[in-house]
Amino acid sequence: MQGRDVAKVAALLTGTAILLMPALRWAGVGVLPNAGIGESATLAHRLMHPLVHVSWWHAAVNVYVLWQLVFFFPLRCRHLLFAYLVACSCPVTVAVWGGGVSGPSVTGVVGLSGMEYVLMGWVMPGVPCRWRFNMQLLLWMSAGLVTGGMAVGFHLYCYLLGVMAAMLLRRR
């Protein structure tokens, strides 16, 4: 199996696990309680926050975007691991800027979207129409800022670190 295929399998398995989390919570199973990035987050809370979502809809959208990124861009497992580490390393003050996520997590920001923004930042230098790509992301974040349901600081942090890593580490 080649590197891209392994990343696709990893994304499919991760996405399936993420989609099962809300169902387990709905069934009364306390899966990963209090996972997230916030004031009272422990290391375990931070490491588990990409697996926890506010609702099934939130999980489904995030998993769909992850699968689109992995299947349409040349990403490998090392990119997924890098994105995970960046998303888990976001400072609390940055993560909650712009509203944060209101939901079952008492510790703050939850979801897979931070990893996705790192991956989008990583692929951005190779996208043919960068201006449109960035404007779409900015429009999406603006909508989240206006409605107050999106952790805009968290997404910006992840996206900018993804772009910086791509610029510094990619071979020309």
Side-chain angles (χ1 to χ4, degrees), residues 1-24 32 35-37 47-90 95 98-99 101 103 105 109-147 149-171:
M1 205 180 284
Q2 296 180 353
R4 284 194 65 197
D5 294 335
V6 174
K8 289 175 185 178
V9 170
L12 286 171
L13 292 174
T14 302
T16 303
I18 288 170
L19 290 173
L20 289 175
M21 293 290 180
L24 290 172
L32 306 174
I37 297 176
L47 294 176
M48 291 298 131
H49 90 273
L51 300 177
V52 177
H53 290 78
V54 174
S55 66
W56 187 86
W57 177 248
H58 180 217
V61 169
N62 277 334
V63 168
Y64 175 76
V65 172
L66 175 67
W67 288 346
Q68 294 297 307
L69 286 166
V70 172
F71 277 81
F72 290 108
F73 291 101
L75 297 171
R76 301 191 184 283
C77 282
R78 67 176 178 263
H79 301 121
L80 297 176
L81 180 61
F82 173 73
Y84 173 77
L85 293 173
V86 168
C88 291
S89 71
C90 185
V101 175
S105 174
V109 178
V110 295
L112 190 60
S113 58
M115 285 179 59
E116 293 164 353
Y117 273 88
V118 174
L119 295 172
M120 285 187 258
W122 178 263
V123 302
M124 190 276 300
V127 172
C129 194
R130 289 184 207 124
W131 184 85
R132 189 173 77 187
F133 183 81
N134 284 315
M135 290 311 296
Q136 288 171 338
L137 289 176
L138 184 62
L139 181 65
W140 181 254
M141 280 194 257
S142 298
L145 188 59
V146 170
T147 61
M150 182 186 286
V152 177
F154 177 64
H155 293 136
L156 278 173
Y157 170 85
C158 291
Y159 181 70
L160 292 175
L161 258 62
V163 170
M164 287 190 306
M167 301 300 252
L168 292 172
L169 301 175
R170 273 201 167 159
R171 293 184 198 126

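Note: hydrogens, waters and symmetry copies are ignored here, and every other heavy atom, side chains too, is used.
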Between CG on residue L161 and CG on residue L156, distance to nearest 0.5 Å: 11.5 Å
Partner residues of L12 under the side chain to side chain contact (heavy atoms under 4.5 Å, CB included) criterion, sequence neighbours left out: W67, F71
Name all residues meeting the side chain to side chain contact (heavy atoms under 4.5 Å, CB included) criterion together with A83; count only those two or more places apart in sequence or in a different chain, and write none if there are none. M115, V118, L119
Can you run down the side chain to side chain donor-acceptor pair (under 3.5 Å) pairs that involve residues 8-19, sequence neighbours left out, and say none if there aren't any? none
Which heavy atom of G121 sits nearest to which heavy atom of A166, and what is that distance? O-CB, 4.0 Å
Which value, rounded to the nearest 0.5 Å, describes the distance between R132 atom CZ and L139 atom CG? 13.0 Å
Identify the heavy atoms of A87 and C158 that sit nearest to each other, and give their distance. CA-SG, 4.0 Å
Between Y117 and V86, is there a side-chain heavy-atom distance shorter than 4.5 Å? no
Residue pair L80 / L66, side-chain heavy-atom distance below 4.5 Å: yes
Geometric class of the F154/H49 ring pair [parallel <30°, tilted 30-60°, perpendicular >60°]: perpendicular
Stepwise side chain to side chain contact (heavy atoms under 4.5 Å, CB included) check, W122 with L169: CA-CA 10 Å; W122 178 263; L169 301 175; 4.2 Å; yes
Strictly distance-based, threshold 3.5 Å: is any side-chain N or O of R130 a donor or acceptor partner for the main-chain N or O of P125? yes
Rounded to the nearest 0.5 Å, the CD atom of E116 sits from the CG atom of L137 at a distance of 11.0 Å
In chain order, what residues pass the side chain to side chain contact (heavy atoms under 4.5 Å, CB included) check against M135, with sequence neighbours excluded? W131, L138
L112 vs I18 side-chain heavy atoms within contact, under 4.5 Å: yes
Please identify each residue that fulfils side chain to side chain contact (heavy atoms under 4.5 Å, CB included) with A17, with sequence neighbours left out. none
Only pairs at least two apart or in different chains count here, so list each side chain to side chain donor-acceptor pair (under 3.5 Å) that has a residue in residues 156-166. S89-Y157, N134-Y159
Minimum heavy-atom separation for V70 and A11, please, with both atom names. CG2-CB, 3.8 Å
Should R76 and V6 count as side-chain neighbours, where that means a heavy-atom distance under 4.5 Å? no
